[in-house]
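Read the structure below first, then the notes.
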Amino acid sequence: MLKTIIYIAIGGAIGSVLRYLTTVLVSKYWSSNFPLATFIANVLGCFLIGLFIGILEKNNFTNSNLKWLLITGFCGGYTTFSTFGVENYSLFQNQNSLLAFAYIGLSVIVGLAAIGLGMYISK
């Protein structure tokens with residue numbers, strides 16, 4: 001169990017740092033009420049989790065430590081669904097309902113498509 005926790009912690013640390021760097025990079029080039037950095041992290045995270053699952057299944061590694069490192073650790077540290085909720089709450093509170101609904105719809109639809117694309121590419 002300790003070994004599993006270490007794999008999750010390493011993956012989570014890497015994912016969290018890359019999530020921060022995504023925000024830094026996007027903020028450098030994008031200034032708007034639309035939370036693009038979180039949107040990109042969620043869609044990219046969905047793509048990567050689909051890709052990782054597909055690759056692990058294809059190579060019969062579904063019960064390996066790579067699953068804990070890549071899926072639970074890295075993707076869990078990189079994606080930001082709780083931030084997504086807070087940002088939408090804030091958009092609604094600031095009377096930006098249309099933008100909030102666009103963000104919710106795009107995140108769900110594009111995120112699901114990214115998972116499918118990741119799984120398709122991995123096969």
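Just so you know, these numbers come straight off a predicted model, no measurement behind them. Count residues from 1 along the sequence.
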Pairwise side-chain contact, [X] with [Y], heavy-atom cut-off 4.5 Å (strictly under):
X      : Y      : answer
Ile8   : Leu69  : no
Tyr103 : Pro35  : yes
Phe47  : Leu117 : yes
Leu44  : Tyr78  : yes

With rounding to the nearest 0.5 angstrom, report the [atom1] to [atom2] distance, [X] to [Y].
X      : Y      : atom1 : atom2 : result
Leu48  : Thr79  : CG    : OG1   : 10.0 Å
Phe52  : Ile115 : CZ    : CD1   : 13.0 Å
Thr72  : Ile5   : OG1   : CD1   : 12.0 Å
Ile71  : Leu51  : CD1   : CG    : 10.0 Å
Cys75  : Ile14  : SG    : CD1   : 11.5 Å
Lys123 : Glu57  : NZ    : CD    : 6.0 Å

Co-membership, hydrophobic cluster, residues [X] and [Y], 4.5 Å side-chain:
X     : Y      : result
Leu21 : Val43  : no
Val24 : Val17  : yes
Ile10 : Met1   : no
Leu99 : Val110 : yes
Leu91 : Val26  : yes

Using a distance-only test with no angle check, is there a side-chain donor-acceptor pair under 3.5 angstrom linking Ser90 and Asn94?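 On atom types as modelled, these side chains qualify, holding a pair under 3.5 Å.
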Is the backbone of Met119 close enough, under 3.5 Å, to the side chain of Ser122 for a donor and an acceptor to pair up by distance?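 Pair found, side chain donor or acceptor close to backbone of Met119.
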If I compare all heavy atoms of Ile55 with all of Asn59, which pair ends up nearest, and what's the gap?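 Residues Ile55 and Asn59, closest heavy atoms: O-ND2, 2.9 Å.
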Crowding at CD1, Ile109 (>12 non-hydrogen neighbours, <6.0 Å):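 Result for CD1/Ile109: open.
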Inspect the surroundings of CZ in Phe92 and state if more than 12 heavy atoms from other residues, nucleotides or ligands are less than 6.0 Å away.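 Enclosed: over 12 neighbouring heavy atoms sit under 6.0 Å from CZ of Phe92.
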Going by ring pair (Phe, Tyr, Trp, His ring centres under 6.0 Å), Phe39 matches just one of Phe81, Phe84, Phe34. Which one?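 Checked Phe81, Phe84, Phe34 against Phe39; only one passes ring pair (Phe, Tyr, Trp, His ring centres under 6.0 Å): Phe34.
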Please step through side chain to side chain contact (heavy atoms under 4.5 Å, CB included) for the pair Arg19 and Thr38, ending with a clear verdict. CA-CA 9 Å; Arg19 171 65 180 97; Thr38 303; 2.9 Å; yes
So, do Phe74 and Tyr7 have ring centers that fall under 6.0 Å from each other?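 No, they do not, as the ring centres are separated by 6.0 Å or more.
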